[in-house]
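Quick caveat: nothing in here was measured; it's all calculated off a predicted structure.
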Amino acid sequence: MKSICMTAVFLVMVLLTACQGLAEKKNVQSNETTSSTLRLLNTDQQKYQETSGETAQGIERWWLKRNENHQTPEVSDHIDLSKYDAYYVNPKCKKKKIFLTFDCGYENGFTPKILDVLKKQKVVAAFFVTKPFIREGRELIRRMKKEGHIVGNHTVHHKSMPTLSDRDNKQEIIDCAEYCKEATGYEMDHFIRPPMGEYNEKTLKLTKSMGYKTIFWSMAYVDFDVNKQPGKQYVVEHFKKYTHNGAIPLMHNVSQSNAEALDEVITNLKKEGYQFESLKKLSSY
């Protein structure tokens, strides 16, 4: 793994959801923060590629540097996100508020349990979905909307947006939104998470012009490898260590660990005084 500095700091870049029905194994070291890109191919493969978060061929890769002081982490800062309605935290939040987000590339049987916990705890979240997830989980999308959750855009094919033309990016976004409406009867909310956390100024400008707010994250861990899960307790402890005011955690719906830990995570955070809010309540810059 490349390091962006000479100090003993590791970057995190946990990437977004896997191709339908597939996940590749990746070793996770408990004392190390990884900076990663999950590349989804059109074939029956997935490649988990480590990256330092540096710019390569005009591609920015979202990264963050964790701290255990419950403060906003350092993050990728090459581009001023405020110019493009892009967020990784609630920018003006001075209180204990948190915005849960889930990336949904495909259904692995755990989303109903996640929704059950959110309903029990009376907590709203955002689910960023691909077209394959919508196709598999039409009733899940309907349930999300009925229970007050955000259903955001994660594009049709989960391709790296900076590698596509404006026309192709627009088609990826529009087709996903239109299919959501066609398949479920519900409009998709105008929030988008760039596949693999890859973006550049051009793509941010495009999504803003289409009326979307781009949502990155300020908390993340390797939870998408269905064959090598971090475990319930890891998830619980991660939230104890790294939650901060205005946090936007990235979680994956395919994770058994997330499904098992979520109730305890929410209970613990409520005891600490955190309030859970919808992305619709994000403060503007």
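In this structure, H149 has its ring center closer than 6.0 angstrom to the ring center of F127. Aromatic ring centres of Y87 and F99: separated by at least 6.0 Å.
Within 6.0 Å of NZ in K170 there are 12 or fewer heavy atoms belonging to other residues, nucleotides or ligands. The environment of NZ in K270 is crowded: more than 12 heavy-atom neighbours from other residues, nucleotides or ligands sit within 6.0 Å.
Under a 3.5 Å cut-off, the side chain of N67 and the backbone N or O of Q71 do form a donor-acceptor pair. Remark: side-chain polar atoms of R66 are paired, donor with acceptor, to backbone N or O of A220 under 3.5 angstrom. Distance alone, capped at 3.5 Å, is enough to place a donor-acceptor pair between the N245 side chain and the K94 backbone. Judged by distance alone, with hydrogens and angles left aside, the side-chain atoms of N200 form a donor-acceptor pair with the main-chain N or O of G58 at under 3.5 Å. Listed for the N153 side chain is a donor-acceptor partner under 3.5 Å among the backbone atoms of I173. In this structure, the side chain of E272 does not engage the main chain of Y274 through any donor-acceptor pair within 3.5 Å. A donor-acceptor pair under 3.5 Å links the side-chain atoms of T130 to the main chain of G105, judged by distance alone. A distance-only check finds no donor-acceptor pair linking the side chain of E198 to the backbone of P194 [under 3.5 Å]. Here the side chain of R138 pairs no donor or acceptor atom with the backbone of T184 at under 3.5 angstrom. Between the side chain of T207 and the backbone N or O of L204 there is at least one donor-acceptor pair closer than 3.5 Å.
Salt-bridge check for K159 with D168: failed, with every basic side-chain N at 4.0 Å or more from each acidic carboxylate O. Under 4.0 Å is where a charged nitrogen must lie from a carboxylate oxygen, and between K232 and E260 no such pair does. The pair E237-K240 counts as a salt bridge, with a side-chain nitrogen and a carboxylate oxygen less than 4.0 angstrom apart. With salt bridges taken as basic N to acidic carboxylate O contacts below 4.0 Å, one links R193 and D103. At a threshold of 4.0 Å, the pair E201-K83 counts as salt-bridged, since one of the basic side-chain nitrogens sits closer than that to a carboxylate oxygen.
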* Worked verdict on Y221 versus N258 for side chain to side chain donor-acceptor pair (under 3.5 Å) -> CA-CA 11 Å; Y221 48 92; N258 288 341; 2.5 Å; yes

* Should I150 and K280 be marked as a side-chain contact (heavy atoms from CB on, under 4.5 Å) after you check the CA-CA gap, both sets of side-chain angles, and the distance that decides it? -> CA-CA 8 Å; I150 283 174; K280 293 178 181 179; 3.8 Å; yes

* Check the pair Y199 / S76 against side chain to side chain donor-acceptor pair (under 3.5 Å), numbers first and verdict last. => CA-CA 11 Å; Y199 65 103; S76 180; 3.0 Å; yes

* Please step through side-chain contact (heavy atoms from CB on, under 4.5 Å) for the pair H238 and M219, ending with a clear verdict. => CA-CA 9 Å; H238 188 91; M219 294 175 62; 4.0 Å; yes

* To do: Apply the test salt bridge (Lys or Arg N to Asp or Glu O under 4.0 Å) to residues K181 and E178: give CA-CA distance (whole Å), side-chain angles for both, the deciding distance (0.1 Å), then the verdict.
  => CA-CA 5 Å; K181 174 65 174 177; E178 288 183 347; over 6 Å; no

* Before giving the answer on side-chain contact (heavy atoms from CB on, under 4.5 Å), spell out for T214 and D85 the whole-Å C-alpha distance, their side-chain angles and the decisive distance to 0.1 Å. => CA-CA 6 Å; T214 298; D85 283 343; over 6 Å; no

* To do: Take E147 and R143 through the test salt bridge (Lys or Arg N to Asp or Glu O under 4.0 Å) and record every step on the way to the result.
  => CA-CA 6 Å; E147 294 179 1; R143 180 179 175 187; 2.8 Å; yes

* Test L282 against E277 for side-chain contact (heavy atoms from CB on, under 4.5 Å), laying out the working first. => CA-CA 8 Å; L282 276 175; E277 294 196 341; over 6 Å; no

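When all heavy atoms of D223 and S255 are compared, the closest pair comes out as O-CB, 3.2 Å. Between T111 and M144, the closest heavy-atom pair is CG2-CE, 3.9 Å. Residue G148 comes nearest to V124 through the heavy atom pair O-CG1, 3.8 Å, listed as atom of the first residue, atom of the second, then distance. Listed here is the closest heavy atom pair of V156 and C176: CG2-N, 3.5 Å. Nearest approach of A125 to L118, heavy atoms of both residues: CB-CD1, 3.9 Å. Nearest heavy-atom pair across W217 and G197 is CH2-CA, 3.8 Å.
Two residues are said to be in side-chain contact when any heavy atoms from C-beta on lie closer than 4.5 Å; M188 and I134 meet this criterion. The shortest distance between side-chain heavy atoms of D263 and T267 falls below 4.5 Å. Annotation: side chain of F216 is not in contact with side chain of I248 (no heavy-atom distance under 4.5 Å). Contact of the R61 side chain with the S160 side chain is not registered, since no non-hydrogen atoms from C-beta on lie closer than 4.5 Å. At least one side-chain heavy atom of V236 sits under 4.5 Å from a side-chain heavy atom of N268. Between F133 and I141, some side-chain heavy-atom pair lies under the 4.5 Å cut-off. When side chains are defined from C-beta on, S218 counts as touching Y88, because their heavy atoms get closer than 4.5 Å. In this structure the side chain of L269 reaches within 4.5 angstrom of the side chain of F276, judged on heavy atoms.
Between the NZ atom in K119 and the NZ atom in K146 there is a gap of 10.5 Å [rounded to 0.5 Å]. Atoms CG and NZ, on D166 and K205 in that order, are 9.0 Å from each other to the nearest 0.5 Å. Interatomic distance, CG of L262 versus NZ of K120, reported as 10.0 Å (0.5 Å rounding). Rounding to the nearest 0.5 Å gives a distance of 8.5 Å between CZ of F102 and CG of N253. Atom CG in L250 sits 9.0 Å away from atom CZ in F224 (nearest 0.5 Å). How far OG of S257 is from CD of Q229: 4.0 Å, rounded to the nearest 0.5 Å.
H78 and E60 are linked by a side-chain donor-acceptor pair at a separation below 3.5 angstrom, with hydrogens and angles left out of the test. For the residue pair Q171/D175, the side-chain donor-acceptor check at 3.5 Å is satisfied.
Y212 and H190 have parallel rings, their planes meeting at less than 30° on a 0 to 90° scale where 60° marks the start of perpendicular. Taking the six-membered ring where the residue is Trp, H158 and H154 present perpendicular rings, their angle passing 60° and hence far from 30°.
Note that K145 lies outside the cation-pi zone of Y186, set by a 6.0 Å cut-off to the ring centre and a 45° limit from the axis.
Each of F110 and M251 belongs to its own hydrophobic cluster when Ile, Leu, Val, Met, Phe, Trp and Tyr are linked at side-chain heavy-atom distances under 4.5 angstrom.
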